Amino acid sequence: MQAIKEYTTISEISGPLMIVEGIEGVAYGEVVEIETAYGEKRRGQVLEVTGNRAVVQVFEGTRGLDNKSTKVRFTGETVKLGVSIDMLGRIFNGRGEPIDKGPKIIPEEKRDIHGAPLNPAIREYPRDFIQTGISVIDGMNTLVRGQKLPIFSGSGLPHNKIAAQIARQAKVLGEEEEFAVVFAAMGITYEEASFFIKDFERTGALERVVAFINLANDPAIERIMTPRLALTTAEYLAFEHNMHVLVITTDLTNYCEALREISAARGEVPGRRGYPGYMYTDLATIYERAGRVRGKKGSITQMPILTMPDDDITHPIPDLTGYITEGQIVLSRELHRKGIYPPIDPLPSLSRLMKSGIGKGRTREDHANVSDQLYAAYAEGRDLRDLVAVVGEEALTDRDKLYLKFADEFERKFIAQGEYEERSVEQTLDIGWDLLSMLPETELKKVKREFIEKYHPKYKQK
């Protein structure tokens, strides 16, 4: 076994980084043990090796370290997480240590937190519907097993409530298969962390949840580890224990801010808005760990949540996320102001894999037609609202007024639902049909006649 090397040759400490000189045989990604003059132990990781010089990121931060008496040991190992099925129902910090007063986890194996890239040739195309119990997602932006579908939010919008609701309610329909939720929070407040923990405990969801929580006052560098710990756990549960795992990460914006902080400390040339130029690649190493593997029963589905600075969907974080993921769910400040929960706007939202996960044998045969018709009618009603602001409602035709009313009723009955209200996909589609019955049958141009005669309330009553 390789001996652990110890150095006291720290030349510089900057932000979360320290530079160690005169090193030999040190590799990128190695775990570093740091001991202060007072015997306090910290951990770090090698970020860069150039000649005999190593840049080390310190997970607990560099406060209190000095470059004279601090000892640095290079262990020769990468960052690993001890994983076990006993992690279900447990809460950990951003370093993977239990914070729920429960016993330490006895690992069944240790895994590198950076994982291994999935060979595209062994990936299986995502097709199976996941029911979240939220109509506007299940009905119009369907989540499919193995998909990565982010939620684009804004400051002050209830994305945490939506995340908790999805974690409580999400299930794979059909066969009774094992389903777990891995929840990773980065840079959240103690109040937000308390909300999630109490909600999971009160509703009984905690028994199938593994939570990793990095608080706002924890070192920012931990935020780089937190999602990788969560995904390592998810890979173990999915591909060793055949579970369907939903990974919810919030808030990816805080993760990207930590990336920017480290990049600035390293003196790198900044990219768009000061974020490092490799942010796209870095985000891809997180998002691309979702999916299904041929020959394996388990799967990993991701719902990352990010708050868009200034509600700007062209900001680098949502912009790059949109390139990597398969759609997005967009929260609306306008709907939130109206008191509508969840304030998910179906018009800019999109699930690129929806068509593969719905229809006969998966949800219901009329699903695609109902979704398309609801979308078209709501879009027309929204356009007419803008027109009313200019010309007044008196200038509208009777048909226009009908679509205007449809938009209001759609928001009130289809989008809006209770925080603890779980709707089946059948209930969601039936609500859609009730709304479509407001319109003349001649307006239902996106629905097949056979579905109108089978599901339209007028014909069902006969």
Side-chain angles (χ1 to χ4, degrees), residues 1-36 40-65 67 70-83 92-97 107 110-117 184 186-187 212 214 218-233 235 249 254-268 276 278-279 281-286 289:
M1 187 176 169
Q2 187 180 352
I4 294 177
K5 305 180 181 72
E6 183 174 288
Y7 297 88
T8 54
T9 50
I10 299 169
S11 63
E12 187 181 336
I13 297 174
S14 172
L17 307 181
M18 61 164 56
I19 296 170
V20 187
E21 304 280 357
I23 52 125
E24 286 180 11
V26 172
Y28 171 80
E30 252 187 72
V31 173
V32 179
E33 294 174 352
I34 299 149
E35 186 178 337
T36 69
E40 181 197 349
K41 300 279 177 69
R42 301 186 192 181
R43 291 174 74 222
Q45 185 179 19
V46 177
L47 268 190
E48 184 182 316
V49 180
T50 310
N52 65 348
R53 182 172 175 268
V55 179
V56 175
Q57 61 178 6
V58 185
F59 295 140
E60 292 89 348
T62 55
R63 186 187 295 273
L65 297 184
N67 59 355
T70 300
K71 296 174 184 174
V72 180
R73 302 182 189 96
F74 295 91
T75 65
E77 292 189 348
T78 56
V79 182
K80 289 184 169 66
L81 174 69
V83 289
F92 303 87
N93 64 16
R95 297 189 298 278
E97 301 162 348
K110 290 197 170 185
R111 293 193 167 198
D112 190 316
I113 68 166
H114 294 92
M186 294 156 280
F212 293 88
N214 165 264
D218 288 335
I221 197 71
E222 267 184 32
R223 270 155 231 164
I224 305 299
M225 284 179 67
T226 307
R228 291 179 168 83
L229 294 172
L231 287 160
T232 303
T233 306
E235 286 165 351
T249 49
N254 293 333
Y255 172 86
C256 293
E257 295 294 344
L259 267 188
R260 182 162 66 173
E261 182 180 328
I262 294 164
S263 176
R266 290 173 71 178
E268 295 172 340
Y278 52 79
M279 188 165 77
T281 310
D282 193 279
L283 287 172
T285 63
I286 294 175
R289 289 172 78 172

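This structure is a prediction, so every number in the text was calculated from the model and none was measured.
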Please round to the nearest 0.5 Å and tell me the distance separating atom [atom1] of [X] and atom [atom2] of [Y].
X      : Y     : atom1 : atom2 : answer
Tyr7   : Asn52 : OH    : CG    : 9.5 Å
Lys71  : Lys41 : NZ    : NZ    : 9.5 Å
Thr62  : Asn67 : OG1   : CG    : 11.5 Å
Glu35  : Thr8  : CD    : OG1   : 12.0 Å
Ile113 : Gln45 : CD1   : CD    : 6.0 Å
Leu229 : Glu97 : CG    : CD    : 10.0 Å

Side chain of [X], backbone of [Y]: donor and acceptor closer than 3.5 Å?
X     : Y     : result
Glu60 : Arg43 : yes
Glu6  : Arg73 : no
Arg53 : Glu48 : no
Glu30 : Ala27 : yes
Thr9  : Glu21 : yes

For [X] and [Y], work out which heavy atoms get closest and say how close.
X      : Y      : result
Gly94  : Met225 : O-CB, 3.8 Å
Tyr255 : Ile224 : CE1-CA, 3.6 Å
Leu47  : Tyr28  : O-CE1, 3.0 Å
Pro107 : Gly82  : CB-CA, 3.5 Å
Leu17  : Ala265 : CD1-CB, 3.7 Å
Val32  : Val72  : CG1-CG1, 3.3 Å

> Regarding Arg111 and Thr233, is there a side-chain donor-to-acceptor distance under 3.5 Å anywhere?
Replying inline: no
>> Just by distance, no angles: are the side chains of Thr226 and Asn214 close enough, under 3.5 Å, to form a donor-acceptor pair?
In response: no
> Going through the distances and angles, do Arg95 and Glu222 end up as a salt bridge (Lys or Arg N to Asp or Glu O under 4.0 Å)?
Replying inline: CA-CA 7 Å; Arg95 297 189 298 278; Glu222 267 184 32; 2.3 Å; yes
Heavy atoms, side chains only, cut-off 4.5 Å: are [X] and [Y] in contact?
X      : Y      : value
Glu24  : Phe74  : no
Pro276 : Ile262 : no
His114 : Thr285 : no

> Could you walk me through whether Leu283 and Cys256 pass the side chain to side chain contact (heavy atoms under 4.5 Å, CB included) check?
Replying inline: CA-CA 9 Å; Leu283 287 172; Cys256 293; 3.9 Å; yes
>> Apply side chain to side chain contact (heavy atoms under 4.5 Å, CB included) to residues Val49 and Ile23 and explain how you reach the verdict.
In response: CA-CA 9 Å; Val49 180; Ile23 52 125; 4.0 Å; yes
> Given Thr232, which of Lys80, Lys110, Arg289 fulfils the side-chain hydrogen bond (donor to acceptor under 3.5 Å, both in side chains) condition?
Replying inline: Arg289
>> Taking the basic N atoms (NZ, or NE/NH1/NH2) and the acidic carboxylate oxygens, is any pair closer than 4.0 Å for Asp282 and Arg228?
In response: yes
>> Over 60° means perpendicular and under 30° means parallel, so tell me whether Phe212 and Phe92 are parallel, tilted or perpendicular.
In response: parallel
